[in-house]
Amino acid sequence: MTHSQKPNNFIQQVINSDIESGDVSQVITRFPPEPNGYLHIGHAKSICVNFGLAEQYDGVCNLRFDDTNPEKEDQEYVDAIIEDVRWLGFNWQNDVCYASDYFDQLYSWAQFLITQNKAYICELNAEQMREYRGTLTQGGVNSPFRERPAAESLALLEQMKNGEIDEGRMTLRAKIDMASANINLRDPVMYRIKKMAHQRTGDRWNIYPSYDFAHGQEDAIEGVTHSICTLEFAANRPLYEWFVANLPLPSKPRQYEFGRLNLNYTVTSKRKLKQLVDEKHVEGWDDPRMPTISGLRRRGVSAQSIRDFCNSLAVAKTDGVVDMAQFEHFIRDDLNNNARRAMCVLDPLLVTLTNYGADKTEQFTAPGHPNRDDLGERRLPFTHQVYIDRNDFSEDSSLSRKKFKRLVIGDYVRLRSAYIIRADQVKRDASGEISEIIGSIVPDTVGQDAPEGIRPRGVIHWVSASSSADCTVKMYDRLFNKAAPDAGEGSFLDHINPESLRIIKGCKAEIGLASACAGEHYQFEREGYFTPDSKSSELVFNCTIGLRDNWNS
RNA sequence: UGGGGCGUCGCCAAGUGGUUAAGGCACCGGGUUUUGAUCCCGGCAUCGGAGGUUCGAAUCCUCCCGCCCCAGCCA
């Protein structure tokens, strides 16, 4: 809806010319995840590209599971992926699609190719096949089974399908060109034996189609016009086209590749993310430090900001690494506009106001948002004892006003939406640490400018000592302390940031936060954005991201 | 040493022979501010390199350099 005059990317240019030439009347795309892990921020870009294009051209985008390898796939992933795509805000008019729904059709197309003398059953084992394939610089050698009669291949394929052949003993291969400079064309495998139950087809099949033999045909069945994938599939395109050209398909889809999203200080590889989960380096796929959609959601990152970020990215053929700061900008941008404001003291230090009645309570109001009246207002009880953050107080009165805009002994500070107060003296505990500040309010300063002669150094947040909500706050830092965790020698695991999670107990939140619910976003003023943790029964807030702070100290 | 793809500001990225080479992020100044936030104003590149074509090139040609992907019965 907020489509600016952003220039067309190369795929849009292709679509425009396809529409102009009449080759395409309705744009159909698809987002084709393999259910072998949870979706991450990189997938979000692909989702936005595919669903976004369908939306822009009044077309259709299917959510289709590329479930051709039961060895790695699981229903848990299917469910999680559907939830994540929905949460991101996308819908599809067709039912969810599955490659496994096309297994029968794929099988008969395989038979067709055999009949056409364009596929054969090969009995080379994995190692032999590798040797016969040749190398990057040397062509391969034809398989001794290459000229096997079609009738024989047909019969063997049937046996493979029926479970009469052991795994690894045979494969169905396309007969293309063992001398091709493109290794993908050196008689690629179309079917391999896997005597394994599939989450959707059960034990019906003992053979499963390879990605290359399945993907283009799935697209053709669904009438996909523009099959958009990432750069690493560019070398597979000639093979994609070979199947499209040699099979009697209902449509002729075309493949286009764009650069996947890479972010620094994190990893976006399902394999690596799964390793982090399996080896318990994180709590799970939805650990708030994970770049997964579910992790980001639990962290408090909004779907809107993920979409905004993805839409800010270029759809091009360069494979760069986007700075995390660019993502963070969009996270803050949305939260700043929409998160309700609140106050929460993370490291409470008691302040007793001696000139304020010990049993007195005033109810102050503060806006839910500084410039959005529709977010209403909140009530803040004020009492003679309040908490402020330990970091907001200093005994060093030589600190310049510019350098330290907080409370200093003998000086004034504004308590946000409340009184201006002064710190008069401190109390210490046995270890010498400050245990309490004794101070006083400046009367009649609520909602009023400071009186003549009094200049508060700044504004700090606070919470009533007798009327607040106890809570725990979880602060997160980047999961890796190296910009490119998987570059160079060693494992990406060597660069895990040991301080990526900091749990702060005993925080004091303004009383209204006692009823905060998961899914809500708050800005704790002067601190950052927080969201209640969906996995906790107690009041626990996850820090989504801190506020920008431009002051160097 | 094979094939495919890519190189424009610290990062992302427009640009498709004639523009002062967009924009965003980051950064640096300044203003507003009961959040050191937000917001506002301003600053910030000659296009991987070398030749060449042209009145004129980031855009065309040549050579060179660099980076990424492909040798799973993974996707």
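Lettering of chains follows the sequences in order, A, B, ..., and the numbering in each one begins at 1. Remember, it's a predicted structure, so these values are computed and weren't measured experimentally.
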Rounded to the nearest 0.5 Å, what separates atom CD1 in A/Ile460 from atom CZ in A/Arg416?
12.0 Å
Separation of A/Ser302 OG from A/Asp333 CG (nearest 0.5 Å):
9.5 Å
Sequence-aligned protein contact record of nucleotides 1-15 of chain B, with B where the base is within under 4.0 Å of a protein heavy atom and S where only the sugar-phosphate is
-BS--SS---SSSSS
Nucleotide-resolved protein contact map, nucleotides 33-42 of chain B, B/S/- at heavy-atom distance under 4.0 Å:
-BBBSS----
Whole-Å distance separating the [atom1] atom of [X] from the [atom2] atom of [N]:
| X | N | atom1 | atom2 | value |
| --- | --- | --- | --- | --- |
| A/Asp187 | B/C73 | CG | C1' | 14 Å |
| A/Gln255 | B/C70 | CD | C1' | 13 Å |
| A/Arg130 | B/C74 | CZ | C1' | 14 Å |
| A/Arg64 | B/A75 | CZ | P | 13 Å |
| A/Met196 | B/C73 | CE | C1' | 12 Å |

side-chain contact (heavy atoms from CB on, under 4.5 Å) filter on A/Asp347, not counting sequence neighbours, yields A/Asp389, A/Arg390
P-based separation of B/G36 from B/G48 [nearest Å]:
44 Å
NA contact type, A/Ser180, heavy-atom cut-off 4.0 Å: base, sugar-phosphate, or nothing?
nothing
Could you check which of B/C70, B/C69, B/C74 has an atom nearest any side-chain atom of A/Arg192?
B/C74
According to the Watson-Crick and G-U wobble definitions, with both distances under 3.5 Å, which nucleotide is paired to B/G42?
B/C28
